[in-house]
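Everything below concerns the one structure shown next.
Just so we're on the same page: letters track the sequence lines, and every chain starts at 1. Source: prediction; values computed, not measured.
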Protein chains: 2
Amino acid sequence: MERATRQRAAIIEAIVMAGRPLLPEEILDAARNLVPGMALATVYRNLKLLAEDGQIRAVQLPGENTRYEPADQAHHHHFQCRVCARVFDVQACPGGLAALAPRGFTVEHHELTLYGTCGDCGRGSTRRRSLRRTKA
Amino acid sequence: MERATRQRAAIIEAIVMAGRPLLPEEILDAARNLVPGMALATVYRNLKLLAEDGQIRAVQLPGENTRYEPADQAHHHHFQCRVCARVFDVQACPGGLAALAPRGFTVEHHELTLYGTCGDCGRGSTRRRSLRRTKA
DNA sequence: TTGTATGCAAAGCGTTTGCAGTGAT
DNA sequence: ATCACTGCAAACGCTTTGCATACAA
C-alpha cells in the first residue's frame with residue numbers, strides 16, 4: 001500500500017458510501033463507475049491490503065460470502081433480511097455473553113447475526129425485492 | 001433417501017457420535033472406518049439429503065466451512081476456540097434479541113458465536129493443539 | 001430386475017496467485 | 001527510471017454434478 005491508485009480510491013469510496021457491508025462483486029460494480037476497466041482481482045487484492053491496514057473490516061455472516069465495511073465503526077452486529085438477503089447494521093449488543101461459555105472457557109469476542117424481515121420486506125408491505133444481493 | 005445404505009448409516013453414525021459439529025472431511029474420515037472406500041461426494045450428497053429430511057442440521061460459523069450436527073438438539077449456540085479451531089456447543093442463549101433490531105424490522109431467528117480459548121487451550125495450560133481442524 | 005445410491009472425474013463458484021505490462025512516485 | 005500495482009488468466013479449495021456401475025429393494 002505505498003501508492004495511491006485510482007482503483008484503490010474507487011474501492012474505498014464504494015465501501016464508505018454504501019452504508020452497509022458489501023460483497024466484492026458489489027464493490028467492483030460500484031468502483032467501475034469511477035474506474036471502468038477494473039478487474040475483480042484488483043478488488044480482492046485491495047480488500048486484503050485495506051483490511052490489514054485497518055481501514056476496512058471483513059464482515060462474515062454464517063453461510064454468506066465475506067462482505068466489507070469501513071473499520072471506523074463502533075462495535076455492532078448485523079441483520080440479514082431473509083427476503084431480500086441484504087445485510088444491515090444493528091447498533092445494539094446484548095452484552096454479558098462471556099457468562100454463557102462453559103466453565104474453563106474464556107470468551108474474548110463474539111458475533112451475533114439477526115435474521116428476519118427488514119422494513120422494506122416486512123409483513124404489510126406488498127413490495128418484495130429480488131431474493132439475492134440487491135445493492136441499495 | 002429411499003434406500004438404507006452402509007454409507008448413509010456410517011455418515012449418520014459419525015455425526016451422532018462426534019458430540020460437536022463436524023466438517024465434511026471429518027465426517028468422511030470417521031465414516032471410512034466403517035466403509036473404507038467411501039467417496040467425499042457421497043458424504044456431500046447424504047449431508048444434503050439428511051439435512052432436507054431433518055435428521056441433521058448445518059452449522060455455519062462466520063468464515064468457516066459448513067459443519068453438521070444432529071438435529072435433535074435444543075436451541076443452542078457455538079463456541080470456537082481461536083487456538084485449536086474446534087467448535088463446541090454452548091447450551092445458553094442470551095434471549096431478548098428481538099429488541100435489538102431497528103424499528104420496522106422483525107427478528108425471527110438469530111445466530112451467536114463466541115470466540116476465545118477452550119478449556120484445553122486456556123491460559124495456564126502448556127498444551128497447545130494444532131491450529132486447524134483437530135478432530136476430537 | 002429396477003432404479004436409487006455410489007465412485008470417479010469433471011465442472012462450478014468464489015478467491016488467490018503468477019506473470020508481463022502499466023503508471024504513481 | 002523504479003517497482004508497486006494492475007489486468008488477465010490459470011490455479012485453488014470446497015462443493016456440486018454427470019455418468020456408468022453397484023447394490024438395496
Quiz item: Between R8(A) (side chain) and M1(A) (backbone), is there a donor-acceptor pair under 3.5 Å?
Solution: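 Answer holds: no.
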Self-check item: N/O donor-acceptor pair under 3.5 Å between Q80(B) side chain and A85(B) backbone
Solution: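 Such a contact is found between Q80(B) side chain and A85(B) backbone.
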Self-check item: Pairing residues for Y68(A) by the ring pair (Phe, Tyr, Trp, His ring centres under 6.0 Å) criterion, not counting sequence neighbours
Solution: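 Once residues adjacent in sequence are excluded, Y68(A) has no partner under the ring pair (Phe, Tyr, Trp, His ring centres under 6.0 Å) criterion.
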Exercise. To the nearest 0.5 Å, tell me how far M38(A) CE sits from D29(A) CG.
Key: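 M38(A) atom CE to D29(A) atom CG measures 10.5 Å (nearest 0.5 Å).
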To the nearest Å, give me how far apart [atom1] ([X]) and [atom2] ([N]) are.
X      : N       : atom1 : atom2 : value
E64(A) : dC13(C) : CD    : P     : 17 Å
Q60(B) : dC14(D) : CD    : P     : 16 Å
N46(B) : dT17(D) : CG    : P     : 15 Å
L47(A) : dT17(C) : CG    : P     : 14 Å
I12(A) : dC5(D)  : CD1   : P     : 12 Å
E2(B)  : dT2(C)  : CD    : C1'   : 12 Å
K48(A) : dC5(D)  : NZ    : P     : 14 Å
E26(B) : dC14(D) : CD    : C1'   : 14 Å

Quiz item: Want to settle it: does T5(B) or E25(B) sit nearer the 5' end of DNA chain D, counting the closest nucleotide to each?
Solution: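 Between the two, 5'-proximity favours E25(B).
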Pick out the pairs of N or O atoms, protein on one side and nucleotides 7-10 of chain D on the other, that lie under 3.5 Å.
from: dG7(D); atom 1: OP1; to: Q7(A); atom 2: NE2; distance (Å): 3.4
from: dG7(D); atom 1: OP2; to: A39(A); atom 2: N; distance (Å): 3.1
from: dG7(D); atom 1: OP2; to: T42(A); atom 2: OG1; distance (Å): 2.5
from: dG7(D); atom 1: N7; to: R45(A); atom 2: NH2; distance (Å): 2.8
from: dG7(D); atom 1: O6; to: R45(A); atom 2: NH1; distance (Å): 3.2
from: dG7(D); atom 1: O6; to: R45(A); atom 2: NH2; distance (Å): 3.0
from: dC8(D); atom 1: N4; to: R45(A); atom 2: NH2; distance (Å): 3.4

Quiz item: Hey, are H78(B) and E64(B) close enough side-chain-wise for a donor-acceptor pair under 3.5 Å?
Solution: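 Not at all, the side chains of E64(B) and H78(B) share no donor-acceptor pair under 3.5 Å.
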Practice problem: Taking only the side-chain nitrogens and oxygens of R3(B), find out if one of them lies under 4.0 Å from OP1 or OP2 of dG3(C). | Solution: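 Indeed not, no polar side-chain atom of R3(B) lies that close.
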Quiz prompt | Side-chain heavy-atom pair D120(A), V83(A) within 4.5 angstrom cut-off | solution =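 Sidechains of V83(A) and D120(A): no contact.
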